Amino acid sequence: MRYFIEMSYKGTDYHGWQVQVNAVSVQGVLEEALSKLLRSEVEVTGAGRTDTGVHASYFVAHFDTAAAVYGDEDGRAGFVYHLNALLPRDIAVRSVTLVDGEAHARFDARLREYRYFLLPYKDAFRSDTAWYYRGPLDTDAMNAAAGLLPEYEDFTTFCKLHSGNKTNICRVSFARWERQQDGGLVFTIRADRFLRNMVRSLTGTLTDVGKGKMSVEGFRDALAAKDLSRAGNTAPAAGLFLSDIRYPDEIFTRQY
């Protein structure tokens, strides 16, 4: 039987989602907790990978078991409760849902959304979850540049070198900066897939546009160049959140 897990995590103390040798990962901690609860070794497949220090306010993974893990809604709630009791405070499971045995958390995902949080002041409570950025930014210019992203599909310029991708093609459907009530900025971007380091590279380069270090046309030229050297600085990991993952309705419907 296959189950989808909906969860969130604060990535500050983890070396990313994926299991690594001699490093603590979100995937590894989740697999250990599930294995203890189910009393058998469990492997988990995530909808994607997040790098060291990157967070997820919404994440999906799947695992397989030989027997059902719950019988009714009370049983499902109980399973989630006991799983969370085994997990550290910075990893939280919201739901566990029985799905078709062929459903795949990674390959069936059709849309992913990231949000990057930027603050113009130091906040003692958000030092791990936002980028403290000093200086004014021209958000109109940043949005003019971000608006170009759906026009392009090859994001080689904003891909980490030697990432091992079969293709650097991504289809961006939405990208925009918005001012928040607390004075901060949030960059929201949606696409069918993302390359390693892509959102942080885009964020850093777009802030260069906001500072006037790069023009909107210069950003367009960098996109078209397919040349990593044309990207700006990479934004810190702390401000980045994977915030949504969507599937066809027949595969899975978000529970919360």
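All values reported here derive from a predicted model rather than from experimental measurement. Excluded from the calculations below are hydrogen atoms, water molecules and symmetry mates; all remaining heavy atoms, backbone and side chain alike, are included. Note that the numbering runs from 1 along the sequence shown for the chain.
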Query raised in the report: Does some side-chain heavy atom of Leu118 sit less than 4.5 Å from a side-chain heavy atom of Leu137?
Result: yes
Query - Results of side chain to side chain donor-acceptor pair (under 3.5 Å) for Arg190 - residues two or more places apart only - result: Glu113
Query raised in the report: If you measure from NE2 on His82 to CG on Leu37, what distance do you get to the nearest 0.5 Å?
Result: 7.5 Å
Query - side chain to side chain donor-acceptor pair (under 3.5 Å) partner of Arg2, chosen from Asp64, Thr97, Thr65 - result: Asp64
Query - Full working for side-chain contact (heavy atoms from CB on, under 4.5 Å) between Leu185 and Glu178 - result: CA-CA 6 Å; Leu185 288 172; Glu178 293 182 338; over 6 Å; no
Requested in this report: Evaluate side-chain contact (heavy atoms from CB on, under 4.5 Å) for Tyr116 paired with Ile189, printing each intermediate quantity in order.
Outcome: CA-CA 9 Å; Tyr116 194 97; Ile189 182 168; over 6 Å; no
Query raised in the report: Under 4.5 Å between side-chain heavy atoms, hopping through other hydrophobics if needed: is there a path connecting Val199 to Leu119?
Result: no
Report task. Kindly give the heavy-atom pair with the smallest separation between Gln27 and Val19, and that separation in Å. Result -> OE1-N, 2.9 Å
Query - Under the salt bridge (charged side-chain N to carboxylate O under 4.0 Å, His left out) test, residues paired with Arg230 that sit two or more places apart - result: none
Query raised in the report: Step by step, would you call Arg176 with Thr188 a side-chain contact (heavy atoms from CB on, under 4.5 Å)?
Result: CA-CA 6 Å; Arg176 183 167 180 80; Thr188 303; 5.8 Å; no
**Report entry** Hydrophobic cluster identity match, Tyr121 and Val186, side-chain contacts under 4.5 Å
**Finding:** no
Query raised in the report: Just how far is it from atom OH of Tyr114 to atom OG1 of Thr50, taken to the nearest 0.5 Å?
Result: 6.5 Å
Query raised in the report: Within a strict 4.5 Å, meaning less than it, do heavy atoms of the Phe79 and Val93 side chains meet?
Result: no
Query raised in the report: Counting N and O atoms only, with roles assigned by atom type, does the side chain of Thr205 sit under 3.5 Å from a partner on the main chain of Gly232, one being a donor and the other an acceptor?
Result: yes
**Report entry** Heavy-atom check, side chain of Thr157 versus side chain of Phe219, under 4.5 Å
**Finding:** no
Query raised in the report: Do the two ring centres, one from Tyr70 and one from Tyr3, sit under 6.0 Å apart?
Result: yes
Query raised in the report: What closest approach, in Å, do Leu87 and Ala33 show between heavy atoms, and which atom pair accounts for it?
Result: CD2-CB, 3.6 Å
**Report entry** Inter-residue atom distance Glu41.CD - Leu38.CG, 0.5 Å rounding
**Finding:** 12.0 Å
Report task. Would you kindly confirm whether Tyr256 and Leu242 end up in one hydrophobic cluster when ILVMFWY residues are joined by side chain heavy atoms under 4.5 Å apart? Result -> yes
Query raised in the report: For Asp128, does its backbone N or O pair with a side-chain atom of His55 as donor and acceptor, under 3.5 Å?
Result: yes
Requested in this report: Scan for salt bridge (charged side-chain N to carboxylate O under 4.0 Å, His left out) pairs involving residues 235-245, sequence neighbours excluded, and state none if there are none.
Outcome: Asp244-Arg246, Asp244-Arg254
Query raised in the report: Which residue pairs pass the salt bridge (charged side-chain N to carboxylate O under 4.0 Å, His left out) test with at least one member in residues 117-126, sequence neighbours excluded?
Result: Arg126-Asp182
Query raised in the report: Any side-chain donor paired with an acceptor under 3.5 Å for Ser25 and Gln20?
Result: no
Report task. Keeping the roles fixed (side chain from Ser201, backbone from Asn197), state whether a donor-acceptor pair exists under 3.5 Å. Result -> no
Requested in this report: State the CG-CG distance between Leu223 and Leu149, to the nearest 0.5 angstrom.
Outcome: 5.5 Å
Query raised in the report: Is the CD atom of Glu151 crowded by more than 12 outside heavy atoms at less than 6.0 Å?
Result: yes
Report task. Quick one: list whatever passes side chain to side chain contact (heavy atoms under 4.5 Å, CB included) with Ser127, sequence neighbours left out. Result -> none
Report task. Can you spot which of Phe59, Tyr58, Tyr14 makes a ring pair (Phe, Tyr, Trp, His ring centres under 6.0 Å) with Tyr9? Result -> Phe59
Requested in this report: Return the set of residues passing salt bridge (charged side-chain N to carboxylate O under 4.0 Å, His left out) with Glu250 (not counting sequence neighbours), or none when no residue passes.
Outcome: none
**Report entry** Greater than 12 external heavy atoms within 6.0 Å of Glu153's CD
**Finding:** yes
Report task. Just grab all the salt bridge (charged side-chain N to carboxylate O under 4.0 Å, His left out) pairs involving residues 53-63, residues at least two apart or on different chains. Result -> none
Report task. Going by the ring pair (Phe, Tyr, Trp, His ring centres under 6.0 Å) test, name the single residue among Trp177, Phe241, Tyr133, Tyr132 that passes it with Phe117. Result -> Phe241
Query raised in the report: Does any pair with a residue in residues 86-109 pass salt bridge (charged side-chain N to carboxylate O under 4.0 Å, His left out), and if so which ones, sequence neighbours excluded?
Result: none
Report task. Looking only at non-hydrogen atoms, find the nearest pair between Arg200 and Ala235 and report the distance. Result -> NE-O, 2.8 Å
Query - Sequence-distant partners of Lys36, salt bridge (charged side-chain N to carboxylate O under 4.0 Å, His left out), two or more places apart - result: Glu32
Query raised in the report: Is Asp13 close to Val24 at the side-chain level, that is, under 4.5 Å between some pair of heavy atoms?
Result: no
Query - Glu73: salt bridge (charged side-chain N to carboxylate O under 4.0 Å, His left out) partners, not counting sequence neighbours - result: Arg76
Query - Test applied, side chain to side chain donor-acceptor pair (under 3.5 Å); reference residue, Thr156; option that passes from Asp227, Asn168, Thr167 - result: Asn168
Query raised in the report: If every non-hydrogen atom of Ala61 is compared with every non-hydrogen atom of Val44, which pair is closest and at what distance?
Result: CB-CG1, 3.5 Å
Side-chain polar contacts of residues 207-217 - donor-acceptor pairs under 3.5 angstrom, sequence neighbours left out - could you list them?
| from | atom 1 | to | atom 2 | distance (Å) |
| --- | --- | --- | --- | --- |
| Thr207 | OG1 | Thr203 | O | 3.4 |
| Thr207 | OG1 | Gly204 | O | 2.6 |
| Ser215 | OG | Gly218 | N | 2.8 |

Query - Straight-line distance of Leu228 CG to Lys160 NZ, nearest 0.5 Å - result: 10.5 Å
Requested in this report: Measure the NZ-OH distance between Lys226 and Tyr152 for me, rounded to the nearest 0.5 Å.
Outcome: 10.0 Å
Report task. Check Cys159 against Leu195 and note the closest heavy-atom contact, atom names and distance. Result -> CB-CD1, 3.6 Å
Report task. Check whether Phe187 and Trp131 end up in the same hydrophobic cluster, where Ile, Leu, Val, Met, Phe, Trp and Tyr are linked by side-chain heavy atoms less than 4.5 Å apart. Result -> yes
Query raised in the report: Does Ala109 have any side chain to side chain contact (heavy atoms under 4.5 Å, CB included) partners at least two apart in sequence or in another chain, and if so, which?
Result: Arg112, Ile245, Tyr247
Query - Note, Ile251 side chain near Val99 side chain (heavy atom, < 4.5 Å) - result: no
**Report entry** Which atom of Leu206 lies closest to which atom of Ala145, heavy atoms considered
**Finding:** CD2-CB, 3.6 Å
Query raised in the report: Taking the inter-plane angle between the rings of Phe252 and Phe4 on a 0 to 90° scale, is it parallel (under 30°), tilted (30 to 60°) or perpendicular (over 60°)?
Result: tilted
**Report entry** Test side-chain contact (heavy atoms from CB on, under 4.5 Å) applied to Ile5 and Phe63, step by step
**Finding:** CA-CA 8 Å; Ile5 297 177; Phe63 70 95; 3.5 Å; yes
